[in-house]
Amino acid sequence: MRSFTARLALAATLLVSALPALAEQFSVLLFTKTGGWHHKSINAGVDAMQEMAERHHFKLDWQEMSDVFADDRLKNYDVIVFLNTTADILNDDQQAAMERFIQSGKGFVGIHSASDTEYDWDWYTKMVGRTFHIHPAIQTAEVEVLDRKFPGLERMPDRFLWTDEYYEFGAERIDGLNYILAVDENTYDPVADWGQVAGKGMGFHPIAWYHEYDGGRAFYTGLGHMPSTYKDKMFLEHIYGGVYWAATGKGLRKK
């Protein structure tokens with residue numbers, strides 16, 4: 001019979017050998033800092049992302065302080081998620097660290113007002129793909145799946161009713177955006193007038209897309225304004241598809 005010490009050593013060896021199987025599959029930095037409008041849905045979004053991390057076995061670190069954007073801290077993550085960020089939130093050094101993060105082959109996910117963030121940072125606006133221009137009142141409209149190649153759309157109907165704050169975007173900031181969802185402007189009123197800014201709709205109105213960018217990967221969805229959205233299973237599958245692809249480069253299917 002083994003001695004107590006031998007049994008203890010064996011147990012420790014077995015525990016250490018099992019650790020790789022217990023490790024999370026990737027690591028996510030969830031960033032929610034706002035320099036302008038603060039969405040009420042941020043807290044609901046954080047709760048949903050924490051539950052998603054448990055469900056899909058990835059590590060999640062929620063931060064609102066910009067000092068996390070430093071090389072020695074960002075190296076611990078595989079993807080950065082901007083959840084309803086707004087306006088100017090990073091200084092020049094922090095922006096440079098984020099650029100190096102993407103250039104190292106890692107990923108970015110932008111949700112809703114991530115396109116209403118850092119307008120003067122040319123590199124960032126090209127990564128997001130388009131910037132926010134204006135939005136009409138929250139309405140119900142029909143959303144269409146454009147391309148099922150991207151993960152997270154498996155259970156979405158071809159067309160479905162959805163209620164949200166539909167952003168009208170400016171022109172493409174970069175070529176090569178792969179559009180996966182669009183809203184049908186014939187099914188709601190896209191007209192908005194804020195005095196100095198007005199909008200009449202976009203005609204073709206994409207609301208979610210992805211692309212490879214500067215050595216890494218970027219995904220954006222314009223959905224996600226209201227807190228209740230973050231309880232919707234179909235929406236959360238859409239977000240996880242973006243997180244999974246941006247973090248790993250996996251999930252794209254052949255057409």
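The analysis underlying the following values was restricted to heavy atoms, covering all of them including side chains, and did not include hydrogens, waters or symmetry mates. FYI, the numbering just counts along the sequence from 1. Just so you know, these numbers come straight off a predicted model, no measurement behind them.
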Novice: Can you tell if the side chain of Pro151 reaches within under 4.5 Å of the side chain of Leu252, non-hydrogen atoms only?
Specialist: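 Yes, their side chains come closer than 4.5 Å.
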
Novice: With a sphere of 6.0 Å drawn around CD of Glu212, does it hold more than 12 non-hydrogen atoms of other residues, nucleotides or ligands?
Specialist: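 No - once you tally the heavy atoms of other residues, nucleotides and ligands closer than 6.0 Å, there are 12 at most.
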
Novice: Please round to the nearest 0.5 Å and tell me the distance separating atom CG of Leu181 and atom CG of Asp147.
Specialist: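 Output value for this atom pair is 10.0 Å.
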
Novice: Is it true that Glu24 and His57 share a donor-acceptor pair across their side chains at a distance under 3.5 Å?
Specialist: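 Distance-only check fails for His57 and Glu24.
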
Novice: Just verifying a value: how many Å separate Trp162 CH2 and Ile207 CD1, rounded to the nearest 0.5 Å?
Specialist: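 It comes to 9.0 Å.
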
Novice: Between CE of Met49 and CG of Leu30, what distance do you get to the nearest 0.5 Å?
Specialist: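 Here the interatomic distance stands at 5.5 Å.
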
Novice: Residues two or more places apart in sequence or in another chain: which of them pass ring-ring contact (aromatic ring centres under 6.0 Å, His included) with Phe204?
Specialist: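 Scan of Phe204 (ring-ring contact (aromatic ring centres under 6.0 Å, His included), adjacent residues dropped) gives Tyr179.
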
Novice: Quick check: are there more than 12 heavy atoms from other residues, nucleotides or ligands sitting under 6.0 Å from CG of Asp175?
Specialist: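 No, the 6.0 Å shell around CG holds no more than 12 heavy atoms from other groups.
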
Novice: Ser66 versus Asn91: any side-chain heavy-atom pair under 4.5 Å?
Specialist: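 No. Closest side-chain heavy atoms not under 4.5 Å.
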
Novice: Considering residues at least two apart in sequence or located in another chain, which fulfil the side chain to side chain donor-acceptor pair (under 3.5 Å) criterion with Asp88?
Specialist: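 Partners of Asp88 under the side chain to side chain donor-acceptor pair (under 3.5 Å) test: none.
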
Novice: In sequence, state the C-alpha distance, the side-chain angles, and the governing distance for Glu165 and His135, and then conclude on side-chain hydrogen bond (donor to acceptor under 3.5 Å, both in side chains).
Specialist: CA-CA 7 Å; Glu165 182 182 79; His135 66 75; 3.1 Å; yes

Novice: Using every non-hydrogen atom in the two residues, find where Val183 and Ala141 come nearest and quote the distance to one decimal.
Specialist: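 Answer, listing the atom of Val183 first, then Ala141: CG2-CB, 3.7 Å.
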
Novice: Hey, any chance Val109 and Leu236 share a hydrophobic cluster, counting ILVMFWY side chains that come within less than 4.5 Å of each other, even indirectly?
Specialist: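 In one cluster with Val109: Leu236, yes.
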
Novice: Would you mind listing the cluster partners of Met65? Hydrophobic ones only (ILVMFWY), side-chain contacts under 4.5 Å, chaining allowed.
Specialist: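 Via sub-4.5 Å side-chain contacts, Met65 links to none.
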
Novice: Identify, with sequence neighbours excluded, every residue that meets side chain to side chain donor-acceptor pair (under 3.5 Å) alongside His211.
Specialist: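 Partners of His211 by the side chain to side chain donor-acceptor pair (under 3.5 Å) criterion come out as none, since no residue qualifies.
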
Novice: Could I get the full list of side chain to side chain contact (heavy atoms under 4.5 Å, CB included) partners for His38, not counting sequence neighbours?
Specialist: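 By the side chain to side chain contact (heavy atoms under 4.5 Å, CB included) rule, His38 matches Thr34, Ile42.
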
Novice: What pairs meet the salt bridge (charged side-chain N to carboxylate O under 4.0 Å, His left out) rule with one or both residues in residues 231-243, with sequence neighbours excluded?
Specialist: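 Passing the test, one end in residues 231-243: Arg155-Glu237.
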
Novice: Any side-chain heavy atom of His56 within less than 4.5 Å of one from Tyr240?
Specialist: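 His56 reaches Tyr240 side chain to side chain.
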
Novice: Report yes if the side chains of Arg173 and Asp122 come closer than 4.5 Å at any heavy-atom pair, otherwise no.
Specialist: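 Yes, close enough: below the 4.5 Å cut-off.
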
Novice: Is a side-chain donor-acceptor pair under 3.5 Å present for Thr117 with Thr85?
Specialist: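 Present: a donor and an acceptor within the cut-off.
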
Novice: Using the side-chain contact (heavy atoms from CB on, under 4.5 Å) rule, take Val143 and Asp184 through it: C-alpha gap first, then chi angles, then the decisive distance, then the call.
Specialist: CA-CA 6 Å; Val143 173; Asp184 185 346; over 6 Å; no

Novice: Drop me the distance from Thr248's OG1 to Gln25's CD, to the nearest 0.5 angstrom.
Specialist: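 Between atom OG1 of Thr248 and atom CD of Gln25 there are 7.5 Å.
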
Novice: Quick one: side chain to side chain donor-acceptor pair (under 3.5 Å) partners of Thr163, sequence neighbours excluded?
Specialist: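 So Thr163 forms a side chain to side chain donor-acceptor pair (under 3.5 Å) with Thr140.
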
Novice: Let me check something: any side-chain donor-acceptor pairs from residues 74-83 under 3.5 Å, sequence neighbours excluded? List them with distances.
Specialist:
from	atom 1	to	atom 2	distance (Å)
Asn76	ND2	Arg73	O	3.3
Tyr77	OH	Asp61	OD2	2.3
Asp78	OD2	Ser27	N	2.8

Novice: Quick one: salt bridge (charged side-chain N to carboxylate O under 4.0 Å, His left out) pairs with a partner in residues 92-120, sequence neighbours left out?
Specialist: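 Listed once each, the pairs are Asp71-Arg100.
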
Novice: Is the distance between the ring centroids of His225 and Tyr166 less than 6.0 Å?
Specialist: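 Ring centroids of His225 and Tyr166 are no less than 6.0 Å from each other.
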
Novice: Which heavy-atom pair separates His238 from Met156 by the least distance, and what is that distance?
Specialist: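 Nearest pair, atom of His238 first, then Met156: CB-CE, 3.7 Å.
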
Novice: Verify whether the ring centers belonging to Tyr210 and Tyr220 lie closer than 6.0 Å.
Specialist: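 Not close enough - the centres of the two rings lie 6.0 Å or further apart.
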
Novice: Might you work through the side-chain contact (heavy atoms from CB on, under 4.5 Å) test for Ile180 and Leu153, ending with a clear yes or no?
Specialist: CA-CA 9 Å; Ile180 58 176; Leu153 308 180; 4.0 Å; yes

Novice: Is a side-chain donor or acceptor of Asp164 paired with a backbone partner of Ile138 at a separation under 3.5 angstrom?
Specialist: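 Between the backbone of Ile138 and the side chain of Asp164 there is no qualifying donor-acceptor contact (under 3.5 Å).
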
Novice: Does any part of the side chain of Arg130, heavy atoms only, come nearer than 4.5 Å to the side chain of Tyr167, both counted from C-beta?
Specialist: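 Not touching, per the 4.5 Å side-chain cut-off.
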
Novice: For the rings on Phe219 and Phe150, is their centre-to-centre separation under 6.0 Å?
Specialist: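 Yes; Phe150 has its ring centre under 6.0 Å from that of Phe219.
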
Novice: Quick one: side chain to side chain donor-acceptor pair (under 3.5 Å) partners of Arg55, sequence neighbours excluded?
Specialist: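 Checked Arg55 against side chain to side chain donor-acceptor pair (under 3.5 Å); zero matches.
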
Novice: Under 6.0 Å between ring centres, would you say that holds for Phe235 and Tyr230?
Specialist: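 Yes, the ring of Phe235 comes within the 6.0 Å limit of the ring of Tyr230, centre to centre.
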
Novice: Please evaluate residues Lys59 and Val28 with respect to the criterion side-chain contact (heavy atoms from CB on, under 4.5 Å), reporting the C-alpha separation (whole Å), side-chain torsions for both, the decisive distance (0.1 Å), and the verdict.
Specialist: CA-CA 6 Å; Lys59 183 179 179 181; Val28 176; over 6 Å; no

Novice: In plain terms, say whether Arg159 and Glu144 are close enough for a salt bridge, that is, a side-chain N and a carboxylate O under 4.0 Å apart.
Specialist: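 Here Arg159 pairs with Glu144 in a salt bridge, since their nearest N and O are under 4.0 Å apart.
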
Novice: Minimum heavy-atom separation for Lys33 and Ile89, please, with both atom names.
Specialist: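 What the structure gives for the nearest pair is NZ-O, 3.4 Å.
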
Novice: Side chains of His112 and Ser41: closer than 4.5 Å at any heavy-atom pair?
Specialist: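 Side chain of His112 against side chain of Ser41, heavy atoms only: no contact under 4.5 Å found.
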
Novice: Show me the donor-acceptor pairs, under 3.5 Å and distance only, between side chains in residues 189-203 and residues at least two apart or in other chains.
Specialist:
from	atom 1	to	atom 2	distance (Å)
Asp189	OD1	Val191	N	3.1
Asp193	OD1	Gly195	N	2.9

Novice: Going from CZ on Phe108 to CG on Asp214, what distance comes out if it is rounded to the nearest 0.5 angstrom?
Specialist: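 Nearest 0.5 Å value for the CZ-CG distance: 13.5 Å.
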
Novice: Can you sort out the partners of Trp123 under ring-ring contact (aromatic ring centres under 6.0 Å, His included), two or more places apart, ordered by chain and number?
Specialist: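 If we apply the ring-ring contact (aromatic ring centres under 6.0 Å, His included) test to Trp123, skipping adjacent residues, the hits are Trp121, Tyr213.
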
Novice: Side-chain heavy atoms nearer than 4.5 Å, only ILVMFWY residues, links allowed to pass through others: does that put Ile239 and Val145 together?
Specialist: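 Both belong to a single hydrophobic cluster.
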
Novice: With heavy-atom distances below 4.5 Å as the criterion, would you say the side chains of Trp62 and Phe31 are in contact?
Specialist: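 Sidechains of Phe31 and Trp62: no contact.
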
Novice: Verify side-chain contact (heavy atoms from CB on, under 4.5 Å) between Glu142 and Tyr188, making sure each step is shown before the conclusion.
Specialist: CA-CA 8 Å; Glu142 287 190 7; Tyr188 77 108; over 6 Å; no

Novice: About how many Å separate CH2 of Trp245 and CZ of Arg217, when rounded to the nearest 0.5 Å?
Specialist: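 If we round to the nearest 0.5 Å, Arg217:CZ and Trp245:CH2 are 6.5 Å apart.
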
Novice: Could you report the tightest heavy-atom contact between Pro136 and Gln139, atom names first, then the distance?
Specialist: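 For Pro136 versus Gln139, the nearest heavy atoms are CB-NE2, 3.7 Å.
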
Novice: Measure from the side-chain N and O atoms of Gln50 to the backbone N and O of Ala48, and report whether any donor-acceptor pair falls under 3.5 Å.
Specialist: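 No: the side chain of Gln50 does not pair with the backbone of Ala48.
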
Novice: Is it the case that the ring center of Phe169 lies less than 6.0 angstrom away from the ring center of Trp209?
Specialist: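 Ring centroids of Trp209 and Phe169 are less than 6.0 Å from each other.
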
Novice: Has the side chain of Thr86 got a donor or acceptor atom that lies under 3.5 Å from a matching backbone atom of Gly36?
Specialist: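 A pair under 3.5 Å: yes.
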
Novice: Which pair of heavy atoms, one from Glu154 and one from Gly152, lies closest together, and at what distance?
Specialist: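 That closest heavy-atom pairing would be OE1-N, 3.0 Å.
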
